[in-house]
Chemist: 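Here's a structure for you.
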Amino acid sequence: MIGLFAVTAAGRRAATELAARLGPDAVLVDGPPGPALRRVWDHLDAAVFFLASGAAVRLVAPLLRDKHTDPGIVCVDEARRFAIALAGGHSGGANALAEQVADVLGATPVVTTATDSTGSTPLDELVDLLDAAVDGDLAGCGVAVLDGAPVRIENPLGFPLPALPDNVGPDVVDPQWTVVVDDRRAAPDDEGPTLRLVPRTLVVGVGSERGVDRTEVTETIARLEREHGLDPRAVRAFASVDLKADETGILEAVQDLGFWYADGDELRLLTYPAAELAGIEVPNPSEVVRAEVGTASVAEAAALRGAAECAAGGPVELVVPKIKGRGVTAAAARIRPRGRLALVGIGPGAAELRTPRADAELRRASVVVGLDQYLDQVRHLFRPGTEERASGLGAEEARAAEAVSLAREGRAVALIGSGDAGVYAMASPALEQADRDVEFVGVPGVTAALAASALLGAPLGHDHALISLSDLHTPWEVIERRVRAAAEGDLVVCFYNPRSAQRHWQLGRALELLAEHRPAGTPVGAVHQATRDDQRVWCAPIGEFDPGEVGMFTTVVVGSSQSAMIGGRMVTPRGYRWMADAR
């Protein structure tokens, strides 16, 4: 819920306009702002005040408790000149909300959080990305990063970190601070100020005799830290065979070990059938255990199975083989970090049609790969330290291979494409080469077909097909067969790559094929450079449409037999049956 608070007529008008753009989560709160704010405070994710900043500060100050739980607070002046992020800049989302409010109202966003004003990746965002526990002075280290002090980052497990400024890196000499990202305890000889980030990468497998004492379970698990150096805060879950789902000693031990989490997260006990665990290869199987429970391993197999579940298909490894206590065994498996490949659609060209998630992924990346002209469109979003890998037209396969290779090196990579990266763009050639050795993140974008359809009217209102007329990768015989099928099926057809200097006849031929199955008045719509400065939109009947007006950056939409021009707009009815009934 985003609460909107206003006391003047101008403020209420601005709030109403903002609510219309932000959607149903934005609510104009009635009544005097003080009592109204106190009434809804516990339900707010964010609040926008159309008040003087001093008044807004006095209203919220008594209610603020913790930056990690407080809502984001934004203040807008009466003249709509500024949208000021007052509190909850990162955790509360006030900085991003101030940008969004400013965009809607035509104001200037005012963000004073140091990392946001400089564009650097904030350390508390790094903590959130890693889902990590923190040891050390986070704020003090953050100041050193902003001051340009030398900060060494040690990342022995190879997490795909976002872009960091030039003064932060693995090869920094004589650092004032060291940031360590690891699931193991600190070495006793660590020197100088150190910030430790402990990601939750471990699953502990537990087996036991029936009626085992909770103290024995706790003591055996504690040896993972004492003898093997694992940080207990890195434990994401415990795992066992399903016969132990009601084992009181294990359940109580898991509950006792929950004190490791200051943020209130609960440790889970995952359980699996013995037959499932029996199929997992382990280094220390036991025939005695097999005879008792139906699997030769409980602790090791359950640790690996639980880690695999938490990893969602990513690689796992056994880091501590079975250790034995009195009536109990324990083992630990690690979810291995992988390089990250985000396939990002940046939309048809207009900045407002690029999704917020696309912006976030571009800020998350340490390296961005893309066509040079697409990088030009989004470069302003990159954080300091972001590496760019640009190439020209026709290098799609090479770009995809480079992005996958960088992700396999453990980098956080964004591979960008126009429209939606999965529609005639970079996702297919990249994923043809990527296996489970990289983490994949798909970010949808507004496609050329959708952008063109919105400008033409509603031509895609019923069944439709997208067909590329480029024969660089697909033989023309195959393309023609698909066009014929769409024609016979009476589908609306949206043509990508309709015409270029080298491919000048294919669009005309495709229109001839469609015209054999369509009325002469069937509308054909075209949009050149949708949402960009030299945008052009036009329509003509299929028998009069001139392919010579079309270029490489044009999207052509051919209606079905039911499509029509209504009020100057191209419309395909949602269904044929209701039209027949209406007649």
Chemist: What is the distance from atom CG of Leu195 to atom CD of Glu154, rounded to the nearest 0.5 Å?
Modeler: 11.5 Å
Chemist: Nearest 0.5 Å, what's the CD1-CD distance between Ile250 and Glu252?
Modeler: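 Answer rounded to 0.5 Å: 11.0 Å.
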Chemist: Listing request: all ring pair (Phe, Tyr, Trp, His ring centres under 6.0 Å) pairs with a residue in residues 300-348, at least two apart in sequence or in separate chains.
Modeler: none
Chemist: Test salt bridge (charged side-chain N to carboxylate O under 4.0 Å, His left out) on Glu387 and Arg411 and set out the steps.
Modeler: CA-CA 11 Å; Glu387 182 182 347; Arg411 306 286 297 278; 2.9 Å; yes
Chemist: Can you name the salt bridge (charged side-chain N to carboxylate O under 4.0 Å, His left out) partners of Asp174, sequence neighbours left out?
Modeler: none
Chemist: Carefully, step by step, assess Arg363 and Glu125 under the rule salt bridge (charged side-chain N to carboxylate O under 4.0 Å, His left out).
Modeler: CA-CA 11 Å; Arg363 290 191 290 266; Glu125 181 177 313; over 6 Å; no
Chemist: Donor-acceptor pairs are to be reported for all side-chain atoms of residues 310-317 against protein atoms at under 3.5 Å, with residues two or more places apart or in another chain.
Modeler:
| unit_1 | atom_1 | unit_2 | atom_2 | d |
| --- | --- | --- | --- | --- |
| Glu317 | OE2 | Arg334 | NH1 | 3.0 |

Chemist: Applying salt bridge (charged side-chain N to carboxylate O under 4.0 Å, His left out), can you list everything that pairs with Asp437, at least two apart in sequence or on another chain?
Modeler: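 Expected list: Arg408.
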Chemist: Cut-off 3.5 Å, no hydrogens considered: what does the side-chain donor-acceptor table look like for residues 337-345, sequence neighbours left out?
Modeler:
| unit_1 | atom_1 | unit_2 | atom_2 | d |
| --- | --- | --- | --- | --- |
| Arg338 | NH1 | Arg436 | O | 3.0 |
| Arg338 | NH1 | Val438 | O | 3.4 |
| Arg340 | NH1 | Glu361 | OE1 | 2.6 |
| Arg340 | NH2 | Glu361 | OE2 | 3.2 |

Chemist: Mind checking side chain to side chain contact (heavy atoms under 4.5 Å, CB included) for Ser468 and listing every partner two or more places apart, or none if nothing turns up?
Modeler: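 Scan of Ser468 (side chain to side chain contact (heavy atoms under 4.5 Å, CB included), adjacent residues dropped) gives Tyr424, Ser470, Tyr496, Asn497.
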Chemist: Would you say that Met426 contacts Leu415 through its side chain, given a criterion of any heavy-atom pair below 4.5 Å between the two side chains?
Modeler: yes
Chemist: Which residue pairs satisfy the ring pair (Phe, Tyr, Trp, His ring centres under 6.0 Å) criterion with at least one member in residues 302-322, sequence neighbours excluded?
Modeler: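 Sorted pair list comes back empty.
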Chemist: Look at atom CD of Glu281 and say whether more than 12 heavy atoms of other residues, nucleotides or ligands are closer to it than 6.0 Å.
Modeler: no
Chemist: Does any part of the side chain of Thr220, heavy atoms only, come nearer than 4.5 Å to the side chain of Ile323, both counted from C-beta?
Modeler: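 The answer is yes, as the side chains (C-beta and beyond) meet within the 4.5 Å cut-off.
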Chemist: So do Asp242 and Tyr272 actually touch side chain to side chain, heavy atoms under 4.5 Å?
Modeler: no
Chemist: Under the side-chain contact (heavy atoms from CB on, under 4.5 Å) test against Arg184, which residue among Leu202, Val198, Leu157 passes?
Modeler: Leu157
Chemist: Got a sec, which pairs hit ring pair (Phe, Tyr, Trp, His ring centres under 6.0 Å) with one end in residues 290-337, sequence neighbours left out?
Modeler: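 Not a single pair qualifies under ring pair (Phe, Tyr, Trp, His ring centres under 6.0 Å).
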Chemist: When you compare the side chain of Thr329 with that of Val206, does any pair of heavy atoms fall below 4.5 Å?
Modeler: no
Chemist: Could you tell me whether the side chain of Arg383 reaches within less than 4.5 Å of the side chain of Thr386, counting heavy atoms only?
Modeler: yes
Chemist: Measuring from atom CG of Leu97 to atom CD1 of Ile73, what distance do you get when rounded to the nearest 0.5 angstrom?
Modeler: 9.5 Å
Chemist: Within the structure provided, determine whether Phe159 and Leu197 are in side-chain contact (heavy-atom separation under 4.5 Å).
Modeler: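 Counting from C-beta outward, Phe159 and Leu197 never come under 4.5 Å.
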Chemist: Using the rule given for side-chain contact (heavy atoms from CB on, under 4.5 Å), can you reason through Val289 versus Val298, listing the C-alpha separation, both sets of side-chain angles and the distance that settles it, and then say yes or no?
Modeler: CA-CA 8 Å; Val289 174; Val298 173; 4.1 Å; yes
Chemist: Walk me through whether Leu381 and Val378 qualify under side-chain contact (heavy atoms from CB on, under 4.5 Å).
Modeler: CA-CA 6 Å; Leu381 298 168; Val378 295; 4.2 Å; yes
Chemist: Could you pull out all donor-acceptor pairs under 3.5 Å where a side-chain atom in residues 390-403 meets a protein atom, sequence neighbours excluded?
Modeler:
| unit_1 | atom_1 | unit_2 | atom_2 | d |
| --- | --- | --- | --- | --- |
| Ser391 | OG | Arg399 | NH1 | 2.9 |
| Arg399 | NH1 | Gly392 | O | 2.9 |
| Glu402 | OE2 | Arg389 | NH1 | 2.6 |

Chemist: Under the 3.5 angstrom rule, does the side chain of Asn95 hit a backbone N or O of Ala85 as a donor-acceptor pair?
Modeler: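 Judged by distance alone, no pair lies under 3.5 Å.
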Chemist: Between Trp41 and Arg65, is there a side-chain heavy-atom distance shorter than 4.5 Å?
Modeler: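 Answer yes - side chains close enough.
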Chemist: Listing request: all salt bridge (Lys or Arg N to Asp or Glu O under 4.0 Å) pairs with a residue in residues 201-211, at least two apart in sequence or in separate chains.
Modeler: Arg210-Asp246, Arg210-Glu247
Chemist: Rounded to the nearest 0.5 Å, how far apart are CZ of Phe382 and CD of Glu388?
Modeler: 5.0 Å
Chemist: Does Asp471 use its side chain to pair, donor to acceptor, with the backbone of Thr474 at less than 3.5 Å?
Modeler: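 It does not hold such a pair.
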Chemist: Find the distance between CG (Leu277) and CZ (Arg290) and round it off to the nearest 0.5 Å.
Modeler: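 Output value for this atom pair is 11.5 Å.
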Chemist: Is the backbone N or O of Ser208 less than 3.5 Å from a side-chain atom of Lys244, with the two atoms forming a donor-acceptor pair by type?
Modeler: yes
Chemist: Looking at CG of Asp183 and CG of Asp231, how far apart are the two atoms once the value is rounded to the nearest 0.5 Å?
Modeler: 8.0 Å
Chemist: Which pairs, with at least one residue in residues 291-312 and sequence neighbours excluded, count as a salt bridge (Lys or Arg N to Asp or Glu O under 4.0 Å)?
Modeler: Glu276-Arg305
Chemist: side-chain contact (heavy atoms from CB on, under 4.5 Å) for Thr271 and Leu269? Distances and angles first, verdict last.
Modeler: CA-CA 6 Å; Thr271 59; Leu269 176 63; 4.1 Å; yes
Chemist: Does the side chain of Gln377 come within less than 4.5 Å of Arg354's, by heavy atoms?
Modeler: no
Chemist: Name all residues meeting the salt bridge (charged side-chain N to carboxylate O under 4.0 Å, His left out) criterion together with Asp135; count only those two or more places apart in sequence or in a different chain, and write none if there are none.
Modeler: Arg233
